[in-house]
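Below, all heavy atoms of this structure are taken into account, side chains as well, without hydrogens, waters or symmetry copies. We name chains A, B, ... by the order of the sequence lines, and we start the count at 1 in each one.
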Amino acid sequence: MRMKEMARRSGVHERSLRYYEQQGLLSPERLPSGYREYSEADLETVRRIRCLLTAGLSTAVIAQVLPCIRDDDGRLAPTCPNLVGQLRTERERMTREIDALRTSRSLLDTVLDAAPRDVLSRAG
DNA sequence: TTTCTTACA
DNA sequence: TGTAAGTA
């Protein structure tokens with residue numbers, strides 16, 4: 001299938017599909033015209049990519065993860081031992097980000113708590 | 001008409 | 001990420 005159908009079937013914008021390819025996540029065939037020709041396997045790959053992006057992984061990490069993952073009726077499972085370690089590392093990174101955001105929110109709360117009543121009454 | 005690449009905001 | 005230009 002070509003770009004338009006792939007975008008429709010996968011629910012991913014054409015722009016994003018080209019971006020995934022640019023990042024090495026996808027490599028559809030090329031027609032003599034230069035047009036991309038996507039396979040059903042590519043469609044599955046895109047579904048996995050979306051799943052992994054939702055899991056908060058970067059495209060760089062996903063590029064490494066994709067060849068090392070199995071798909072049990074829609075549920076992704078790692079098939080390489082080293083991948084498990086890498087995913088744990090990603091999880092730790094997320095935890096640090098969450099902690100950083102908690103700190104930011106706490107500081108913001110402090111600022112908001114300092115707002116005078118007259119200002120609060122006129123605020124949205 | 002559709003898709004391509006490249007480039008800029 | 002969205003969009004526009006200029007092609008094949």
Side-chain angles (χ1 to χ4, degrees):
Chain A
M1 78 193 91
R2 289 201 317 222
M3 182 60 90
K4 197 174 181 181
E5 186 182 352
M6 181 59 161
R8 182 182 59 76
R9 287 227 269 156
S10 67
V12 173
H13 287 157
E14 300 182 16
R15 181 73 168 78
S16 300
L17 289 171
R18 294 193 187 97
Y19 178 69
Y20 295 166
E21 185 176 342
Q22 197 182 348
Q23 299 304 304
L25 273 38
L26 210 53
S27 27
E29 301 287 315
R30 290 288 185 148
L31 269 22
S33 60
Y35 289 7
R36 293 169 178 81
E37 177 66 21
Y38 293 99
S39 65
E40 295 298 317
D42 289 326
L43 186 57
E44 287 305 308
T45 301
V46 171
R47 295 206 175 106
R48 293 182 196 187
I49 291 170
R50 287 210 298 172
C51 179
L52 294 167
L53 283 172
T54 301
L57 301 185
S58 66
T59 52
V61 173
I62 293 175
Q64 293 183 275
V65 165
L66 275 180
C68 233
I69 216 155
R70 181 162 46 93
D71 195 333
D72 296 340
D73 57 75
R75 186 158 304 180
L76 301 184
T79 55
C80 309
N82 61 319
L83 177 58
V84 174
Q86 192 178 4
L87 291 178
R88 284 187 176 139
T89 301
E90 282 301 312
R91 191 182 190 286
E92 286 167 11
R93 180 186 57 72
M94 289 176 195
T95 301
R96 284 196 296 276
E97 281 183 18
I98 290 170
D99 289 343
L101 281 171
R102 282 189 196 286
T103 301
S104 298
R105 186 176 59 181
S106 175
L107 285 167
L108 191 53
D109 284 343
T110 304
V111 174
L112 287 170
D113 287 345
R117 290 186 186 284
D118 63 311
V119 171
L120 285 178
S121 64
R122 280 179 282 125

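Side-chain atoms of Leu25(A) and Val46(A), non-hydrogen and from C-beta on, never get closer than 4.5 Å to each other. For the pair Arg36(A)/Glu21(A), a side-chain contact is recorded, criterion being any heavy-atom separation below 4.5 Å from C-beta on. Looking only at side-chain heavy atoms (C-beta outward), Arg91(A) and Thr95(A) come within less than 4.5 Å of each other. Contact check for Ile49(A) versus Leu66(A): side-chain heavy atoms found under the 4.5 Å cut-off. Put simply, the side chain of Arg18(A) does not reach to within 4.5 Å of the side chain of Leu26(A), judged on heavy atoms. Leu52(A) has its side chain out of reach of Val61(A): every pair of non-hydrogen atoms, C-beta onward, lies at least 4.5 Å apart.
Side chain of Glu37(A) to main chain of Arg30(A): no donor-acceptor pair is present (N/O by atom type, distance under 3.5 Å, no hydrogens or angles). In this structure, the side chain of Arg9(A) does not engage the main chain of Glu40(A) through any donor-acceptor pair within 3.5 Å. At least one donor-acceptor pair under 3.5 Å links the side chain of Thr54(A) to the backbone N or O of Arg50(A).
Between His13(A) and dG2(C) there is a side-chain N or O to OP1 or OP2 distance below 4.0 Å.
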What pattern of brackets, bars and dots sums up DNA chain B from 5' to 3', given Watson-Crick or G-U wobble pairs under 3.5 Å, [ ] for crossing pairs and | for another strand?
.|.||||||
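Taken residue by residue, residues 39-53 of chain A places no heavy atom nearer than 4.0 Å to DNA chain B.
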Taking only N/O atoms, report every protein-nucleotides 4-9 of chain B pair under 3.5 Å with atom names and distance.
| from | atom 1 | to | atom 2 | distance (Å) |
| --- | --- | --- | --- | --- |
| dC4(B) | OP1 | Arg36(A) | N | 2.9 |
| dC4(B) | OP1 | Arg36(A) | NH1 | 2.8 |
| dC4(B) | OP2 | Arg18(A) | NE | 3.3 |
| dC4(B) | OP2 | Arg18(A) | NH2 | 2.9 |
| dC4(B) | OP2 | Arg36(A) | NH1 | 3.3 |
| dC4(B) | O5' | Arg36(A) | NH1 | 3.1 |
| dC4(B) | O3' | Arg30(A) | NH1 | 3.4 |
| dT5(B) | OP1 | Arg30(A) | NH1 | 3.2 |
| dT5(B) | OP1 | Arg30(A) | NH2 | 3.0 |
| dT5(B) | OP2 | Arg36(A) | NH1 | 3.1 |
| dT5(B) | OP2 | Arg36(A) | NH2 | 2.7 |

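Across the protein-nucleic acid pair, Leu17(A) atom CG and dT1(C) atom P stand 11 Å apart, rounded to whole Å. Atoms CE (Met6(A)) and P (dT3(B)) sit 13 Å apart, rounded to a whole Å.
Under the 3.5 Å distance criterion, with hydrogens and angles disregarded, a donor-acceptor pair is assigned to the side chains of Asp42(A) and Ser39(A).
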